[in-house]
Amino acid sequence: MRLTLKIWRQRGPLEEGGAETFQLDHVSEDSSFLEMLDMLNEQLNEEGIEPIAFDSDCREGICGMCGLVINGKPHGNDGTGSNTTTCQLHMRTFNDGDTITIEPWRATAFPVIKDLVVDRSALDRIIQAGGFISANTGSAPEAHAVPVQKSKADRAFEAAACIGCGACVAACPNASSMLFTGAKVTHLAELPQGQPERWKRALAMVAQQDGEGFGGCTNIGACAAACPKDIPMDVISTLNGDLRKAPSRV
Ligand code: FES
């Protein structure tokens, strides 16, 4: 297929950016979106043009490194009605002759480093503020030594599926990270090991996210609608519940 690509280019964090247009021919519908960008970069290299900077690592939908706004939607639209990561998006979801716009995540807390690469270390600092347990769990215990109710284990697993890609922030008109922080808090709040620091954790992680410049949640739901791991919005309710109970317990 033949594509017209309108791609955001920005030389550095303080430089002014803008969209540039490229033509790319002979794109296989079996290639992934990132392989299509690899093809474009090979073409640019041959033409003596600087390749387009973009992030990726696992290319299997598990690390959260890739993240592009494709035709206005974080991670694009795979046409199945469910969400996917950019690396798991395939070119068969596009048509010959399509024009595709590709932009970086847009949020004050995610400054552009170069082209399509943004600095998402603000999410790491939220984790550092409280997304851990300090209980010494020793060597691997016998599986049934710490009983966990099935419903709580399921909810912890559901929240733990968050890969920290930042699509929730990119989708939210407020650039809020409440879905991300809610997922991390809920994951640990459901498990016995997460209880000792539960209240301190919620306060510290929200204080950090506010300090990083993320916006507040106004229950729009664009975050959950864009999440490639289907993190439900009610993790935000769990986070808000812990925030409400925390002052009397820390
Ligand atoms: S590159 Fe790891 S999730 Fe896409």
Side-chain angles (χ1 to χ4, degrees), residues 3 5 7-10 24 27-42 44-45 51-94 100-107 109-128 131 156-172 175-184 186-187 214 222-232 235:
L3 299 169
L5 304 168
I7 302 180
W8 186 264
R9 301 223 70 177
Q10 186 171 333
L24 189 61
V27 177
S28 164
E29 63 174 23
D30 294 325
S31 59
S32 72
F33 198 84
L34 297 186
E35 285 168 341
M36 181 275 291
L37 287 180
D38 290 339
M39 264 183 77
L40 174 65
N41 276 346
E42 279 172 25
L44 294 180
N45 263 329
I52 290 147
F54 65 93
D55 254 339
S56 74
D57 191 355
C58 72
R59 298 198 175 196
E60 293 181 345
I62 52 178
C63 75
M65 279 297 286
C66 61
L68 304 172
V69 177
I70 301 163
N71 288 341
K73 184 175 185 294
H75 291 305
N77 188 345
D78 76 353
T80 65
S82 62
N83 292 321
T84 188
T85 52
T86 299
C87 61
Q88 294 289 290
L89 182 68
H90 285 81
M91 296 313 296
R92 55 181 163 268
T93 61
F94 298 90
I100 305 174
T101 60
I102 310 170
E103 300 166 88
W105 283 174
R106 301 284 188 195
F110 291 162
V112 172
I113 296 173
K114 188 174 182 183
D115 296 339
L116 303 172
V117 179
V118 300
D119 179 357
R120 287 173 300 138
S121 57
L123 297 185
D124 299 333
R125 290 188 290 276
I126 294 174
I127 295 282
Q128 285 166 0
F157 265 121
E158 183 181 51
C162 169
I163 55 174
C165 63
C168 48
V169 177
C172 177
S176 170
S177 61
M178 281 293 274
L179 193 76
F180 167 81
T181 308
K184 302 304 174 190
T186 301
H187 164 204
F214 292 104
C223 52
C227 176
K229 297 299 167 184
D230 295 328
I231 302 294
V235 297

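Numbering of ligands and ligand atoms starts at 1, following listing order.
Residue pairs meeting the salt bridge (charged side-chain N to carboxylate O under 4.0 Å, His left out) criterion with at least one partner in residues 58-67, sequence neighbours excluded, are Asp38-Arg59.
In this structure Thr85 satisfies the side chain to side chain donor-acceptor pair (under 3.5 Å) test with no other residue, sequence neighbours excluded. Judged as a salt bridge (Lys or Arg N to Asp or Glu O under 4.0 Å), and not counting sequence neighbours, Arg92 has no contacts.
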Passes side chain to side chain contact (heavy atoms under 4.5 Å, CB included), Thr84 versus Phe33? Steps please. CA-CA 12 Å; Thr84 188; Phe33 198 84; over 6 Å; no

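Any protein N/O/S atom under 2.8 Å from atom 2 (Fe) of ligand 1 was counted, giving 2 altogether.
In this pair, His75 and Trp105 present their aromatic rings perpendicular. The plane angle is above 60°, beyond the 30 to 60° band.
Here the closest non-hydrogen pair linking Ser28 and Ser31 is O-OG, 2.7 Å.
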